[in-house]
Q: 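One structure, pasted below without further comment.
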2 protein chains.
Amino acid sequence: MADVARLAGVSTATVSRALRQPEIVSPEMRSRIDEAIERLSYRRNLVAGALASASSMTVGVIIPSIINSFFAATIEALEEGMAGSGYQLMLGNTGYSPEVERQLVSSFLAWSPAAMVLTGRRHESETVRALLMSRIPVLEMWELSDHPVDMIVGFSHRSVGQIVLRHFAERNACRLGFIGAYMDKDYRTADRHAGFVETAVQAGYAAPVEIRLPERASAMGGAHGLRELMARDPKVDAVFCSNDMIALGALFEARRLGLNVPSQLKICGFGDLEFAAACEPPLSTVRPPGRQIGFQIAKLLRARLEGSIDAGGCFDLGVELVPRAST
Amino acid sequence: MADVARLAGVSTATVSRALRQPEIVSPEMRSRIDEAIERLSYRRNLVAGALASASSMTVGVIIPSIINSFFAATIEALEEGMAGSGYQLMLGNTGYSPEVERQLVSSFLAWSPAAMVLTGRRHESETVRALLMSRIPVLEMWELSDHPVDMIVGFSHRSVGQIVLRHFAERNACRLGFIGAYMDKDYRTADRHAGFVETAVQAGYAAPVEIRLPERASAMGGAHGLRELMARDPKVDAVFCSNDMIALGALFEARRLGLNVPSQLKICGFGDLEFAAACEPPLSTVRPPGRQIGFQIAKLLRARLEGSIDAGGCFDLGVELVPRAST
DNA sequence: CAGGTGTGTGAAAGCGCTTTCATTCTGGTG
DNA sequence: CACCAGAATGAAAGCGCTTTCACACACCTG
């Protein structure tokens, strides 16, 4: 930068200003500086900038799993929403472990990011403390909370279970089943389950037959789950799968079992993953606002980083039932 | 750090050493320093460290798409392989655009990462120049090349097409079809296609009927693709789908069309995504070494960063045909 | 025309670490 | 016992930027 300043005949302060806030530098200076940068093919060192300004044009994003395509849509939208702002996303995944989350937060914060985005509302207290101490905007996502660390944008997983139950009731389901994966780790799945079961009982149903898969959601798990479910109670005629991937496996397994979907067995998933509409029969599911979450976060982040807002809050983006032929 | 040094009664140099290379500090000092760190709940500032040492414990990883679960497995394995090394992955995705890739490389390099990992072997010349100038280890992945920037680990996409063709021939396919997505952007798909078509012609087949989907691989695209393919030539009895997601859609569409798989129509995919084994019929596919790529990269990276190796090279991890009932 | 206001620029003091170099202190060696 | 190699430590000079503060200059006002 000193070289650039020398060649352009200005001070490094002016070069720095031309790079960060071009509008406060006179056009003449700006063009001389641009030319010098070009000639020297100067690349600025963001590390030094971050140290000097005590903030790096970086946003730390932490998700439970990169394999889970739920969050991929959010991240893609977030990236689109932040494009052109100069901010760079830094991704980390926790593998659904709060402890790994704490470590990630701690090492991300050591990079003095401009903001942090976390998944979910439950964190170790140490994580929350570190986040609060950093005094940067914090966004939680994919859930709702009355007491967010700062801002949270998502939807109610309980209401997902509720919506599915009502849908099953409308379609005259008699005996309910549920297949969920990884429920001890992924408490959002547990919330959907709770919403489903509560509402079922309120509506006068017998408690749903439950299969809890120990591993992460998978089609294979869904297939095995359905087989076990039907073995446990052959009268089940409506299954809520906590995830479309599980529903996909269940759909195939139903075929292997010779069960007609939807007349003998109704299957509803969650996620509205891309393949849901392409299945045979097309898969009924609940669509979470994956991309909207990303856009909303980008919007809030930009507003906050520009200083135009400063309040925290909870943003409920809702979900949508997508009824198709599998129910 | 100065506070820690004062409390421990040592110099900041010693604190720094205790943090970076504990083994060269006497045990007594180390414990005094650890205690001071604890008492002050000191968090080190990695930005300052990166500036002073001109290198950050960061590895930049660039993939074409975060939604594409192919690369997710690699990244997960890479993360596992680097765990405990203190290096942090920084993820970026290009959306299959070489121009975005160049920008990402440029902004990642501004963070002075310890190494860079890119997807594929084709990059803008400016990208390669920037990479070479940075003098850090560079890993390309998911392909092979005689002239890698530095190191490359992957497999031959052409041979995937070849393997599928041979498999179809063994199963007595007569008339071939191909469904590929995004082939103008994703040249790896184009390579698989080329291998398939070349080998088909060599083996005496008529040129396969081809459907090129303009968008990214999707089950919906696969379903539409198969419909169009069969409309174009009803005699097609074996389809190679460039991606398991497409194959999934094709499988469902075959059912809608009343075509029995595999007796009337054989379907083979690529990727061995998790659901492939759960389909009905289970999906034949070719399994790329997704996780192995990640582990191998971690191994090479660690060796290189420790200085124990310094040669570049090309590592072919091969692929495996996974014949199932859909062929 | 003195006094105020606003704009654009430069000097220089950091930001919080790392690392070189010099120094001190050990314990062995001939 | 003088000498030296080796280990452990400290002083201090950066790393390459950003930003505060001061200043110069133009432009208005009454």
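All chains are named by letter (A, B, ...) in the order of the sequence lines, taking the proteins before the strands, and each is independently numbered beginning at 1. Keep in mind that what you see is a predicted model, and the values were worked out from it rather than measured.
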Q: Just how far, in rounded Å, is P of D/dG10 from CD1 of B/I33?
A: 8 Å
Q: Quick check on DNA chain D: between B/L51 and B/V25, whose nearest nucleotide comes earlier from the 5' end?
A: B/V25
Q: Picking from C/dT9, C/dC17, D/dT18, which would you name as closest to the side chain of A/M1?
A: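 Of the options given, the side chain of A/M1 lies nearest D/dT18.
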Q: Using a strict cut-off of less than 4.0 Å between a Lys/Arg side-chain nitrogen and an Asp/Glu carboxylate oxygen, indicate whether B/D3 and B/R6 qualify as a salt bridge.
A: yes
Q: Run the side chain to side chain contact (heavy atoms under 4.5 Å, CB included) test on B/I75 and B/I66 for me, step by step, so that the C-alpha distance in whole Å, both residues' side-chain angles and the decisive distance to 0.1 Å come before the verdict.
A: CA-CA 10 Å; B/I75 287 173; B/I66 192 174; over 6 Å; no
Q: Just the rounded figure in Å: distance from C1' of C/dC17 to CE of B/M57.
A: 15 Å
Q: Nearest whole angstrom, please: distance from the P of C/dC17 to the CZ of B/R6.
A: 12 Å
Q: Please confirm whether the backbone N or O of A/E38 pairs with a side-chain atom of A/S41, one donor and one acceptor, at under 3.5 Å?
A: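 The answer is no, because no donor-acceptor pair under 3.5 Å joins these two groups.
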Q: Rounding to a whole Å, what distance do you find between A/L46:CG and D/dC17:P?
A: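 My rounded result for the distance is 9 Å.
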Q: Counting side-chain heavy atoms from CB outward, which of D/dT9, D/dG16, C/dC17 is closest to B/Y42?
A: C/dC17
Q: Could you state the atom-to-atom distance from CD1 of B/I24 to P of D/dG6 in whole Å?
A: 16 Å
Q: Using a cut-off of strictly less than 4.0 Å, decide whether A/S26 has a side-chain nitrogen or oxygen near OP1 or OP2 of C/dT9.
A: yes
Q: Strictly distance-based, threshold 3.5 Å: is any side-chain N or O of B/E140 a donor or acceptor partner for the main-chain N or O of B/V149?
A: yes
Q: Below 3.5 Å, can you tabulate the donor-acceptor pairs from side chains in residues 110-119 of chain B to any protein atom, sequence neighbours excluded?
A:
from, atom 1, to, atom 2, distance (Å)
B/T119, OG1, B/I62, O, 2.7

Q: Does B/R30 put a side-chain nitrogen or oxygen below 4.0 Å from OP1 or OP2 of D/dA8?
A: no
Q: Answer yes when A/E35 and A/R32 have at least one side-chain N-carboxylate O distance shorter than 4.0 Å, and no when they do not.
A: no
Q: Which comes earlier along DNA chain D counting from the 5' end, the contact point of B/P27 or that of B/A54, where each point is its nearest nucleotide?
A: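 The residue mapped nearer the 5' terminus is B/P27.
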Q: Give me the distances for all protein-to-nucleotides 19-24 of chain C N/O pairs that come in under 3.5 Å?
A:
from, atom 1, to, atom 2, distance (Å)
C/dT19, OP2, B/R20, NH1, 3.0

Q: Salt bridge between B/R102 and B/E126, side-chain N to carboxylate O under 4.0 Å?
A: no
Q: Provide, to the nearest angstrom, the distance between the CG atom belonging to A/N45 and the P atom belonging to D/dT18.
A: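 For the pair A/N45 CG and D/dT18 P, the rounded distance is 9 Å.
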Q: Could you tell me the separation between the CD atom of A/E28 and the C1' atom of C/dG8, rounded to a whole number of Å?
A: 11 Å
Q: Give A/V10 one of three labels, base, sugar-phosphate or nothing, depending on what nucleic acid heavy atoms sit under 4.0 Å from its own.
A: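 Sugar-phosphate contact only.
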Q: Contact class for A/V47 vs. all strands (heavy atom < 4.0 Å): base, sugar-phosphate, or nothing?
A: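 Touches nothing.
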